[in-house]
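The structure under discussion appears below in the form of structure tokens.
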2 protein chains.
Amino acid sequence: MTEEPGRITRRFLSPPMHQVHDHLRTRMQSMGMTTSVDAAGNLRGLSRSAGGTLKHVILGSHIDTVPDAGAFDGVLGVALALEWVGLARELEFPLAIEIIAFSDEEGVRFGVPFLGSRAAAGSFDPALFAIQDSKGITVEAAIREFGLDPGEMGKAVLGKDAIGFVEIHIEQGPVLEASSCSVAAVSAIVGQTRINLEFRGHANHAGTTPMHLRQDALAATAEWIVAVEALARNTEGLVATVGKINVEPNVGNVVPGVAQVSLEVRNADDSVRAAAVGELLESAASIANRRGITLERKNKLEHPAVPMDERLTGYLTEAIEAVGLPARTMISGAGHDAMVMAARVPTAMLFLRSPGGISHHHDESVLEEDVEASLRVGHQFLLRLAKQYA
Amino acid sequence: MTEEPGRITRRFLSPPMHQVHDHLRTRMQSMGMTTSVDAAGNLRGLSRSAGGTLKHVILGSHIDTVPDAGAFDGVLGVALALEWVGLARELEFPLAIEIIAFSDEEGVRFGVPFLGSRAAAGSFDPALFAIQDSKGITVEAAIREFGLDPGEMGKAVLGKDAIGFVEIHIEQGPVLEASSCSVAAVSAIVGQTRINLEFRGHANHAGTTPMHLRQDALAATAEWIVAVEALARNTEGLVATVGKINVEPNVGNVVPGVAQVSLEVRNADDSVRAAAVGELLESAASIANRRGITLERKNKLEHPAVPMDERLTGYLTEAIEAVGLPARTMISGAGHDAMVMAARVPTAMLFLRSPGGISHHHDESVLEEDVEASLRVGHQFLLRLAKQYA
């Protein structure tokens with residue numbers, strides 16, 4: 001189920017999404033669930049409660065992928081949600097369960113992530129309809145082309161009977177593996193700042209320009225990258241990354257005149273992040289100033305941290321402990337649909353270990369023992385939720 | 001006289017070279033010089049000696065340019081050579097003078113510099129005939145297309161009556177301007193080393209990978225670039241440049257997995273340069289090793305320094321002093337035809353100040369007062385040479 005033979009690439013409302021829907025719909029219906037696709041292309045399956053209450057917990061994750069993706073990022077959470085529904089049936093769970101297979105989390109097709117969960121959380125800005133993909137197709141046209149009605153977007157929003165959302169997802173990082181843990185409850189999703197910086201010096205002949213007469217934009221940037229790394233290493237839980245650099249003219253025998261770099265800073269504590277960003281910008285300004293070169297910056301993104309719901313996260317932690325595993329919680333360094341849903345409904349996340357920390361890559365994997373652990377945790381979690389709503 | 005309207009671009013044996021030849025030929029012939037074009041496309045003009053000796057001094061520089069060049073790099077040296085011939089006539093100079101307008105110094109068309117001076121110096125490797133330009137035209141075909149015979153290349157080599165070569169050229173750097181000097185004699189042309197390095201770490205998610213679990217290729221490279229700059233700043237006369245950097249995947253939210261950089265090191269003392277290169281490679285290896293990332297290197301170029309002829313350079317220095325200017329000598333950080341010619345014949349160079357240090361750019365310029373100074377210096381230089389051969 002992919003747009004490209006030989007590798008997994010499945011973007012928002014691309015043709016293979018129909019195949020995924022067909023597959024999941026069949027599985028949902030075989031479990032007696034009723035299914036629908038909302039205007040954002042989210043596949044939704046409802047498992048009614050035995051007692052008839054409309055109160056329901058939502059389980060799910062996303063079914064879109066990055067290009068040349070692995071097999072587990074997103075879809076594993078949907079597959080496990082189906083298993084959790086099976087577990088719920090066995091213990092006469094008092095609530096209904098809705099599974100949502102979100103249509104877009106990665107944001108690959110339109111450059112904007114979370115189109116699916118925004119719709120469910122009621123934060124889908126109508127301005128998004130006009131955004132175009134690389135072929136000039138708008139979000140609105142893509143929705144129509146998929147056989148859906150953009151005018152129905154409002155109906156995708158969760159009602160007030162939704163009591164919580166739980167997302168199961170691979171960690172996509174090396175933290176659980178480094179501490180030999182199978183699973184962890186997520187306590188918060190980090191906030192992040194993205195800023196582009198441009199150091200502008202002067203391009204000069206690399207042979208004829210003595211060191212003391214240079215305004216080398218790359219040397220300035222290098223000095224700053226060292227400072228970025230040092231600050232992050234010395235600040236608990238902070239990650240700071242210069243992932244992108246473009247130099248002009250980028251020729252071996254010319255002193256670089258311009259260097260453009262990206263800065264990304266993430267932390268679960270917004271004040272720690274703000275302080276770090278402030279310090280790094282000051283450091284960039286002082287390096288530029290001392291070297292007689294100019295510095296410009298463009299703020300690209302500013303996202304506050306999103307704490308997960310304490311009660312639901314507590315149930316997850318208890319459940320992990322109940323199956324004999326260490327009651328580990330951790331910060332998610334990546335964004336997830338859970339971040340968007342948390343603005344609408346109490347939300348929790350369960351992470352599964354990522355072998356080698358590998359993700360967004362076809363080598364992405366997951367261990368069978370961790371999948372099994374997540375099912376035992378699900379059972380214990382549902383027991384606790386059932387007790388609350390009994 | 002350009003390949004591109006609106007800007008000066010004149011590559012080896014390109015059509016506008018014919019125009020330049022026509023123009024210079026007319027000027028040479030009006031001075032009673034005999035002219036010819038050798039098999040490498042060098043225009044050569046001979047001014048016979050009054051006394052009939054075949055002994056001759058060679059003056060000249062190149063007439064090709066980089067794309068979008070200034071008006072002075074190379075051609076100024078040919079124009080001034082013509083003026084020096086005029087000065088020589090006035091003082092009954094005892095030697096013949098040959099002017100060579102070299103066809104290729106920049107190496108833009110075939111990626112190999114000095115095709116013109118190699119031919120004159122007898123170091124034109126026949127393997128060069130087979131090299132192709134971007135259109136697949138070989139050097140050999142280009143020579144034929146220009147109306148010349150590649151089989152005659154041997155006849156381009158200087159005979160033993162050539163007693164010296166003097167090249168006049170703009171400095172292409174900021175050194176003379178920084179010390180308010182009009183002109184300087186060149187004491188040596190630096191040697192240089194070019195090496196490409198690749199730091200290979202591991203690409204990871206910038207949000208989910210804690211700092212201590214990263215193998216960030218760009219952070220490693222940045223640390224090394226700081227070391228490159230520091231060493232060069234602390235080593236007399238050394239320039240070291242990282243001019244080029246390419247990072248993979250070069251995306252803001254991914255820890256860089258690979259960084260490829262160029263290193264260029266130049267100095268007039270080969271042992272100083274070798275020691276610096278050794279130290280920088282050790283530093284790169286130790287940074288990579290400490291960070292658990294791999295380092296590969298590819299040696300691209302290794303050129304020894306070329307000292308200019310002491311006697312001719314001494315005459316130039318005396319001449320500069322004789323016209324009331326400071327007897328300045330300097331190292332050339334750039335390569336020149338003089339470097340190639342020095343292997344065949346005693347060679348000297350005179351630099352003219354480059355305003356702003358600007359070169360290889362259409363803003364390249366030269367001051368009238370410096371051109372005038374170079375003519376007075378030429379007069380004094382020829383007087384000294386005349387005395388030697390009187």
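Convention: sequence-line order gives letters A, B, ...; per-chain numbering from 1.
- Heavy atoms closer than 4.5 Å to chain A are found nowhere in Ser359(B), neither backbone nor side chain.
- With a threshold of 4.5 angstrom between heavy atoms, Val251(A) approaches chain B through N, CA, C or O but not through any side-chain atom.
- One finds the CD atom of Gln172(B) at 10.0 Å from the OG1 atom of Thr209(A) (value rounded to the nearest 0.5 Å).
- Every pair passing ring-ring contact (aromatic ring centres under 6.0 Å, His included) that includes a residue from residues 168-192 of chain A is listed here, sequence neighbours excluded: His62(A)-His169(A), His169(A)-His336(A).
- When each of Glu248(A), His360(A), Met330(A), Arg214(A) is checked for heavy-atom pairs under 4.5 Å with chain B, Arg214(A) comes out on top.
- Of the listed residues Ala203(A), Ala240(A), Ser354(A), Gly237(A), the one with more heavy-atom pairs under 4.5 angstrom with chain B than any other is Ala240(A).
- Of the two parts of Leu238(A), only the backbone, made up of N, CA, C and O, holds a non-hydrogen atom closer than 4.5 Å to a non-hydrogen atom of chain B.
- Both the backbone and the side chain of Val239(B) come within contact range of chain A, judged by heavy atoms closer than 4.5 Å.
- Neither the backbone nor the side chain of His212(B) comes within contact range of chain A; no heavy atoms are under 4.5 Å apart.
- For the set Arg233(A), His202(A), Gln192(A), His361(A), the count of heavy-atom pairs under 4.5 angstrom toward chain B peaks at Arg233(A).
- The structure places CD1 of Ile245(A) at 4.5 Å from CD1 of Ile245(B), a figure rounded to the nearest 0.5 Å.
- Heavy atoms of Arg194(B) lying under 4.5 Å from chain A belong exclusively to its side chain.
- Between Asn246(B) and Asn250(A) the shortest side-chain heavy-atom distance falls below 4.5 Å.
- Within residues 291-301 of chain B, the residues having any heavy atom closer than 4.5 Å to a heavy atom of chain A are Arg291(B), listed by residue number.
- Applying the side chain to side chain donor-acceptor pair (under 3.5 Å) test to Asp270(B) and every residue at least two apart in sequence or in another chain returns Arg273(B).
- Taking OG1 of Thr241(B) as the reference point, atom NE2 of His205(A) lies at 10.0 Å (rounded to 0.5 Å).
- Between atom CD of residue Glu229(B) and atom CD of residue Glu223(A) there is a gap of 7.0 Å, rounded to the nearest 0.5 Å.
- Val247(A) has its side chain out of reach of Lys244(B): every pair of non-hydrogen atoms, C-beta onward, lies at least 4.5 Å apart.
- Listed by sequence position, Gly252(B), Asn253(B), Val254(B), Val255(B), Pro256(B), Ser262(B), Glu264(B), Arg266(B) are the residues of residues 252-269 of chain B in contact with chain A, using a 4.5 angstrom heavy-atom cutoff.
- Within a 6.0 Å radius of CD in Glu302(B), other residues, nucleotides and ligands contribute more than 12 heavy atoms.
- Ranking Gly173(B), Ala206(B), Ala178(B) against chain A, the residue ahead of the rest is Ala206(B), based on heavy-atom pairs under 4.5 Å.
- The part of Leu213(B) that comes within reach of chain A is its side chain, from C-beta onward, which places non-hydrogen atoms under 4.5 angstrom from that chain.
- In plain terms, the two heavy atoms of Asn204(A) and Gly357(B) that are nearest each other are OD1-O, 4.4 Å.
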